[in-house]
Structure formats: structure tokens, C-alpha cells
Amino acid sequence: MRAKAFENVKNQIGYCGIWCGSCVVGNGTLRELTKKYETIIENYDLEGWAPQDFDFKEFEKGLASIQTIPLCPGCLKGGGRSNCEMKSCATNKGITDCSQCDQPKTCENLEILQKMRTGASDAGLHVKTKDIDPKELIRNWTKELKTKWPCCILFLK
Ligand code: SF4
Ligand code: SF4
């Protein structure tokens, strides 16, 4: 299951350059992490250790609820922002992502493009900003992901 989620987004780089494979919501990391955490606190009977004023039942409900958040299918398969400016602009230009744009200096969507890229980078996602071979990029990023918190959890045996 965890490998399936990652496989689904692994080859998807959004029009803005965000690599869906590195997104914890789409690649299954958030779900896996929450599941493992839930198991640990159950095994350790943490309820008995919690402070009196801590609503453990609500906390458990929250953990269960996080695991029901649908996995994002990825930007190229209908996920991401609806009416995305970069998506329609890049599609109209016949390019696969903004790093291939021939007029980046006059981009009308520059502000939102930068905001998306910066926000994603700050959250730990990988972003393609140069017109380089996506296959090689994905190969290298996947290697990195396997040893980097939190996505490494997907690859633990
Ligand atoms: S900002 Fe647009 S192009 Fe980038 S990942 Fe989201 S929906 Fe896709
Ligand atoms: S004009 Fe802007 S949004 Fe459109 S493809 Fe170029 S960089 Fe992307």
C-alpha cells in the first residue's frame, strides 16, 4: 500500500516544478507515519501516562481521522489546485513545466509561481526549476528520499 502511493506520484512533476513524489500527503508518508505512531502509543499504553486533562480519546480520533485523508493523486492526474494558472499557461504553450518556458521574465504568474515553489521547498519538497532531464532528476531525488526524514519511512523494511 505504502509503495503503491509513492509509485502513483513518483513520475509526476507539476507544471510549476513541484515533484509530487516528494509530497508527504500524496506519497503516503503522512498516513504511514500516523499509523506507526498510533501503533507505538497503543503498544506502550500511553493513555495511562497522559495528563488528566488530556483528552486521549479525542487525540485517538484525530490520528484515525488523519489516516482517512484521501491520498492526492498528483498534479498530472487531477490533484493540486483547481484552475491552476501555471497548469493552463504551460499547457497552452505546449511545455511540460515552467522551467521550459521561453518567456519567464514576462510571466504574469510569477508571484504565485514563486510562492508555490518557495512554499514547497520550505516544506521539504523537491522542485524542478531548471530545464533538465526529468527522468534523471527523479532517479536522483528518489535516492535522496530513501535516506531523508520523513519520507524514508516509506522504504523501511
Ligand atoms: S501549483 Fe499548479 S502546477 Fe503546481 S503542483 Fe499545484 S496544481 Fe500543479
Ligand atoms: S509564462 Fe509563467 S506560468 Fe506560463 S509557462 Fe512561463 S513561467 Fe510558467
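As the structure lists them, so they are numbered: ligands from 1, and atoms in each ligand from 1.
Screening residues 55-80 for salt bridge (charged side-chain N to carboxylate O under 4.0 Å, His left out) gives E47-K57, K57-E60, E58-K61 as the qualifying pairs, with residues at least two apart or on separate chains. For the salt bridge (charged side-chain N to carboxylate O under 4.0 Å, His left out) condition, no pair includes a residue of residues 104-116, sequence neighbours left out.
No donor-acceptor distance shorter than 3.5 angstrom exists from the side chain of D97 to the backbone of G14, with no hydrogens or angles considered. No donor-acceptor pair under 3.5 Å is formed between the side chain of Q100 and the backbone N or O of A90. Here the side chain of T68 pairs a donor or acceptor atom with the backbone of S65 at under 3.5 angstrom.
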Evaluate C84 against M116 for side-chain contact (heavy atoms from CB on, under 4.5 Å), listing each step before the verdict. CA-CA 11 Å; C84 174; M116 292 308 298; over 6 Å; no
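Residue C75: an N/O/S atom is found under 2.8 Å from atom 8 (Fe) of ligand 1.
Protein heavy atom in closest approach to atom 7 (S) of ligand 1: R81 N, 3.2 Å. Protein heavy atom at the shortest distance from atom 2 (Fe) of ligand 1 is C84 SG, 2.3 Å. Counting only heavy atoms of the protein, atom 1 (S) of ligand 1 lies nearest to M116 CE, 3.6 Å.
The contact set between ligand 1 and G80, taken as ligand atoms under 4.0 Å from a residue heavy atom, comprises 7 (S).
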Mind listing the side-chain donor-acceptor pairs of residues 141-156 below 3.5 Å, one per line with the distance, residues two or more places apart or on another chain?
from, atom 1, to, atom 2, distance (Å)
W141, NE1, H126, ND1, 3.2
T142, OG1, I138, O, 2.7
T147, OG1, E144, O, 3.1

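Between R139 and E136, none of the side-chain N atoms (NZ, or NE/NH1/NH2) sits under 4.0 Å from a carboxylate O, so this pair counts as no salt bridge.
Near-neighbour remark for atom 8 (Fe) of ligand 2: protein N, O or S atoms under 2.8 Å are C98 SG; waters not counted.
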